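Below, chain A is the first sequence line, B the second, and so on; all start at residue 1. As the structure is a computational prediction, the values presented were derived from the model and not from experiment.
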There are 2 protein chains.
Amino acid sequence: MKILIVEDEIELSNSMATYLRGESYLCEIAHDHRTALDKIEVFDYDCILLDISLPDGNGLNLLRQLKANNKTDGVIIISARNSIDDKIEGLNLGADDYISKPFHLSELSARIKAVIRRRRFEGTSVLVFNELVIDIEGKSVFIDDKPVDLTRKEYDLLLYLASNKNRIISKNAIAEHLSGDEIMSYDNLDFIYSHIKNLKRKLSMAGCSDYIKSMYGMGYKFEPKS
Amino acid sequence: MKILIVEDEIELSNSMATYLRGESYLCEIAHDHRTALDKIEVFDYDCILLDISLPDGNGLNLLRQLKANNKTDGVIIISARNSIDDKIEGLNLGADDYISKPFHLSELSARIKAVIRRRRFEGTSVLVFNELVIDIEGKSVFIDDKPVDLTRKEYDLLLYLASNKNRIISKNAIAEHLSGDEIMSYDNLDFIYSHIKNLKRKLSMAGCSDYIKSMYGMGYKFEPKS
DNA sequence: CTTCTACAATAAGGATCTTCATAGAAATTA
DNA sequence: TAATTTCTATGAAGATCCTTATTGTAGAAG
């Protein structure tokens, strides 16, 4: 799960990132309008935390541009002002939620969770593929109603593949998704094999095989039987 | 999908190639102006990554020559300088996008994907021919909504033919599209027969025959029924 | 301090790609 | 139409590259 923090106050943005990383999110920070737009154009984020009062421009314009580009990223507007107008305009422009400074990080986290659930998983907090159930809320996985113990990486991997079902995901993408911030050495992607192997083993031991397919030379694909 | 990397920094160009090969692109590297031009004249690339500041000349001139030759290759300009002027001039000369050093490889990859989608597939990321669906984003093929497993070469071949539907594609063109530049002498084009055969077999086994026609003495043609 | 888990690196095993040999089909020529 | 030539299809084996299994290391937990 990837989050973009658009916030110019260094200290605040850092503590947000720290907290959210603790919640297993991958966080990137943009301290200004332009950086944010560049990142948004190229990457897909699960949620964008957008401070309305940016130093180099109006955050609402950024939101406009974002929506004009048909981006599907979730957006939570952050504002220092308690202005109702901003809130209404932001929501009208397509923001998913709104939070006013100062806020508790736990509240922010809860709102993020809700936005992601609504957008990425269409309101549901569980993904169901026949006997395989992924409980996003509880970060747990069940097969035939019996819980399967996965490590954090394994869970992230499964959720990532499952939410991209029937699409081949490159090892580059997996590596990036699993190991937080940008990796600069993409030479040693072998560690992915272990995670894939362990995940496959745990799933099949619980009676759930062949969901994750290796696509020779291309990556991996989650393919539900349906 | 073929990419030409025009970049004199050895290490950077290598890591770019490694990453992009991981994304299933065929990559070639030119370390100088002259080599690049030679390659561009002979081959068609889906995207050219052009470092503006080449050791033996100005990259913008290379771009000019490229456009003067009516090449349809997509171009992404790479620049160390943050100069807005270069960016504007490059885009005026017909470049499709622009990225500044230093950049993240995943960002480069995302921009390449966007350029190719715009240029080759008119913005869409899914090709639909009746019961046959090609998901470019997910590198997956579906027939009657059921996934069809293709190898990388088979997929590339299908995508190439399908994106040139109703046009006869020579075996030379196919060979060039499927291979890197190591093979300058295309005497052994037999490998194409194998890939065509296997592709046809997999498609017809999934209930989708007669899309790929052999044109005796000329090549192959993808001909949707519609 | 010991034990266990998660992660990284290396070696063995498989899938894919290419080549080669041969058979079949289509066009050309007589 | 038959013979000949040219081109394409098929099958199989070796080479190459990728994946999986195994092993080793570091860090966390007890």
(message) Within the supplied structure, the quantity of interest is the number of heavy atoms (other residues, nucleotides, ligands) at a distance under 6.0 Å from Arg34(B) CZ; does it exceed 12?
(response) no

(request) Give the angle between the helix axes at the two ends of the helix from dC1(C)-dG30(D) to dA30(C)-dT1(D), taking five base pairs at each end and rounding to 10°. (result) 30°

(request) Please determine if Lys165(A) forms a cation-pi arrangement with Phe129(A), meaning its NZ or CZ atom is less than 6.0 Å from the six-membered ring centre and no more than 45° off the ring axis. (result) no

(message) If I take atom CZ in residue Arg201(A) and atom P in nucleotide dT5(C), what distance separates them, rounded to the nearest angstrom?
(response) 11 Å

(request) May I have the distance from Leu189(B) (atom CG) to dC20(C) (atom C1'), rounded to whole angstrom? (result) 15 Å

(message) Output the rounded distance in Å from CD1 (Ile169(B)) to P (dT8(D)).
(response) 14 Å

(message) My understanding is that only residues two or more places apart in sequence, or in another chain, count here; which of them pass side chain to side chain donor-acceptor pair (under 3.5 Å) with Thr18(A)?
(response) none

(request) Rounded to the nearest angstrom, tell me the gap between atom CG in Leu157(B) and atom C1' in dC17(C). (result) 13 Å

(message) Using a heavy-atom cut-off of 4.0 Å across all strands, would you classify Arg152(A) as base, sugar-phosphate, or nothing?
(response) nothing

(request) Tell me, please, which residues at least two apart from Arg167(A) pass side chain to side chain donor-acceptor pair (under 3.5 Å). (result) none

(request) Send over the distance from Asn198(B) CG to dT18(C) C1', rounded to a whole Å. (result) 12 Å

(message) So, does Asn188(B) get its side chain near the phosphate of dC20(C), meaning an N or O under 4.0 Å from OP1 or OP2?
(response) yes

(request) Provide, to the nearest angstrom, the distance between the CD1 atom belonging to Ile192(B) and the P atom belonging to dT8(D). (result) 10 Å

(message) The criterion is salt bridge (Lys or Arg N to Asp or Glu O under 4.0 Å); which residues satisfy it with Glu154(B), sequence neighbours excluded?
(response) Lys202(B)

(request) Would you indicate, yes or no, if dT18(C) has its OP1 or OP2 atom less than 4.0 angstrom from a side-chain nitrogen or oxygen of His195(B)? (result) yes

(request) Not counting sequence neighbours, which residues clear side chain to side chain donor-acceptor pair (under 3.5 Å) with Glu9(A)? List them please. (result) Lys101(A)

(request) Determine, for nucleotides 20-30 of chain D in 5'-to-3' order, which nucleotides have protein heavy atoms under 4.0 Å from the base (write B), from only the sugar-phosphate (write S), or from neither (write -). (result) BSB--------

(request) Return each pair, listed once, that meets salt bridge (charged side-chain N to carboxylate O under 4.0 Å, His left out) where at least one residue sits in residues 103-112 of chain A; pairs must be two or more places apart or across chains. (result) Asp97(A)-Arg111(A), Glu107(A)-Arg111(A)

(message) If the cut-off is 4.0 Å, is Lys171(B) near the phosphate of dC7(D), judged by side-chain N/O to OP1 or OP2?
(response) no

(request) Quickly work out the Leu150(B) CG to dA15(C) P distance and round it to whole Å. (result) 17 Å

(request) Using side chain to side chain donor-acceptor pair (under 3.5 Å) as the criterion, list what pairs up with Lys171(B), not counting sequence neighbours. (result) Tyr193(B)

(message) Under the rule for salt bridge (Lys or Arg N to Asp or Glu O under 4.0 Å), what residues qualify as partners of Glu137(B), not counting sequence neighbours?
(response) Lys113(B), Arg117(B)

(message) Using the salt bridge (Lys or Arg N to Asp or Glu O under 4.0 Å) criterion, which residues pair with Arg118(B)? Sequence neighbours excluded.
(response) none

(message) I need the NZ-P distance between Lys202(B) and dT10(D), as an integer number of Å.
(response) 15 Å

Output one line per pair: protein atom, nucleotide atom from nucleotides 22-27 of chain C, and distance, for all N/O pairs under 3.5 Å.
from, atom 1, to, atom 2, distance (Å)
dA26(C), N3, Tyr216(B), OH, 3.2

(message) One thing to verify: whether Arg152(B) and Asp156(B) come together as a salt bridge, which I'm taking to mean a side-chain N less than 4.0 angstrom from a carboxylate O.
(response) no

(request) Can you sort out the partners of Asp145(A) under side-chain contact (heavy atoms from CB on, under 4.5 Å), two or more places apart, ordered by chain and number? (result) none

